[in-house]
Amino acid sequence: MNVLVLGAGQLARMMALAGAPLDLNVTAFDVTSGNMIHPVTQTILGKGLESGIEHADVITAEFEHISPDVLALCEDSGKFFPGENAILIGGDRRKEKALLDNAGVKNARYHIINTSEDLDSAIKKLGFPMILKSALDGYDGKGQWRLKRQEEVTSTWNEINAFLQHSPQGKRQCIIAEEFISFDREVSLIGARNAKGEFEIYSLTENIHHEGILRLSICATENEALQNQAEVMFKVIAENLNYVGILAIEFFEVNGALMVNEIAPRVHNSGHWTQQGAEVCQFENHLRAICGLPLGSAKQIRPSAMINIVGDVKISEHIMRLAHVHWYNKSPRPGRKIGHITVCEKTTEQLIETFEAIIPLLEKEQFPALHGIKIREHLTLKKKDEHP
Ligand code: ATP
Ligand code: MG
């Protein structure tokens, strides 16, 4: 079977690697250059989306910031999963918020901003501090502002106004103001749903960010109540979208209760641990779901944690002896994810030991969120005061 992925980054690459043993040939459409490429070798296979669509049995996407024309073309082919609607919702915070509200899924209170009067109304409604996020094109914390007090309102509005003026033509950009959530933790749930409505859902993952970029994901299994809560919300959203493929949902946890931060209609960075830590990884399960093959087990097979490699970083051989290293064949740039390290062990105690052996081998400036982490607390997802 031929699978066409919209987007030619590391997620398409990891789908191609996972698809090969199932004889699934994955090609990628680079939306920037308009080239069809091989996602592993980056070889250019030709130009033009139309022939790519024609040769594909199934089409999917590795990211949600894709032009509506491209999405419509793919949708018209009848081969696109999870499809135009899910990608459009994932790529526009207005649509995402409306989906969550309509599905009755808890999320942060918000107000839509187009003018400075809207910002004043948002302040009345939500108070300080608040987070302002661009509705379109945001990722890794880009297109976000934090507004803490009245004195910052004018300067923040000037920045936002300039941002809105420079939005690409034809895009209905705006800002979503969100109440600031003092969360205890950020977690995500990743799962597959197939066309029959069957699910395979992975264990909750705790995510630690620095400067808006995911740095560390820890698969945690001991908090059944939180897992169940997340799964209920996951199923409501996936069913509402009649979703087929891997869906990722990011949550804030406040006092043991979850609220949705955002959804990603695709395979997700916080699920990379499944490559070594689960029976069947998220990339294979995405392909299985969209190609109409049976879903594979999402069962966790061993304690796992994933560390993102961001920027110009070299990894020592010593780390390769202790953990799995996965490079994306990308030239380094500040803030760019170029690979990841997955630490897996048979037992939680061994994972803690290995993780603690690896941290001193990673430079603090290059891995800013890792030093000082108490990995044991994160692995169990227990409340901080439940630890001795
Ligand atoms: P991604 O790369 O995951 O798509 P993003 O840039 O699209 O991220 P968010 O996930 O909405 O945007 O925000 C990035 C991070 O900012 C969150 O992971 C969280 O740490 C913080 N954040 C976002 N919204 C809020 C909020 N309402 N209150 C507190 N912190 C928030
Ligand atoms: Mg996010």
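Please read these numbers as outputs of a predicted model, since none were measured by experiment. Position 1 is the first residue of the sequence; numbering continues from there. For ligands, and for the atoms within them, numbers begin at 1 and follow the listed sequence.
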Q: Determine whether the side chain, the backbone, both or neither of Asn261 has a heavy atom under 4.0 Å from any heavy atom of ligand 1.
A: side chain

Q) In a check of side-chain contact (heavy atoms from CB on, under 4.5 Å) between Ile218 and each of Leu351, Thr205, Ile375, which one passes? A) Ile375

Q: Compare His268, Glu64, Lys142, Arg93 and give the one whose heavy atom is closest to atom 7 (O) of ligand 1.
A: Arg93

Q | ring-ring contact (aromatic ring centres under 6.0 Å, His included) contacts touching residues 39-78 (sequence neighbours left out) | A | none

Q | Positive for side-chain contact (heavy atoms from CB on, under 4.5 Å) with Ile358, one of Val343, Ile315, Leu370 | A | Val343

Q: Write out the residue and atom name of the closest protein heavy atom to atom 2 (O) of ligand 1, then the distance separating them to 0.1 Å.
A: Asp140 N, 2.7 Å

Q: Please report which non-hydrogen protein atom sits nearest to atom 28 (N) of ligand 1, along with the residue it belongs to and the distance in Å to one decimal place.
A: Ile181 N, 2.9 Å

Q: Please write down residue, atom name and distance for the protein heavy atom closest to atom 30 (N) of ligand 1.
A: Phe183 CE2, 3.6 Å

Q: Determine whether the side chains of Gln227 and Asn223 contain a donor N or O and an acceptor N or O closer than 3.5 Å.
A: no

Q | Heavy-atom proximity to atom 23 (C) of ligand 1, best of Glu178, Lys133, Lys337 | A | Lys133

Q | His272 ring center within less than 6.0 Å of Phe283 ring center | A | yes

Q | Residue part near ligand 1, for Ile131, under 4.0 Å between non-hydrogen atoms | A | side chain

Q: Check whether any N or O atom of Gly141, backbone or side chain, sits under 3.5 Å from an N or O atom of ligand 1, and answer yes or no.
A: yes

Q: Using the rule that two of Ile, Leu, Val, Met, Phe, Trp, Tyr join whenever any of their side-chain heavy atoms come within less than 4.5 Å, decide whether Leu4 and Val31 are in one cluster.
A: yes

Q) atom 13 (O) of ligand 1: which of Met130, His65, Gln144, Arg109 has the nearest heavy atom? A) Gln144

Q) Among all protein non-hydrogen atoms, which one is nearest to atom 25 (C) of ligand 1, and what is the separation to 0.1 Å? A) Phe252 CZ, 3.4 Å

Q: Tell me which protein heavy atom sits closest to atom 8 (O) of ligand 1, plus the residue, atom name and distance to 0.1 Å.
A: Glu262 OE2, 3.3 Å

Q. Nearest to atom 16 (O) of ligand 1 by heavy atom, Arg146, Glu186, His209: which?
A. Arg146

(Q) Test of understanding: with ring pair (Phe, Tyr, Trp, His ring centres under 6.0 Å), list the residues that count as partners of Phe252, not counting sequence neighbours. (A) Phe183

(Q) Could you check whether Lys330 makes a cation-pi contact with Tyr328, meaning its NZ or CZ is under 6.0 Å from the centre of the six-membered ring and within 45° of the ring axis? (A) no

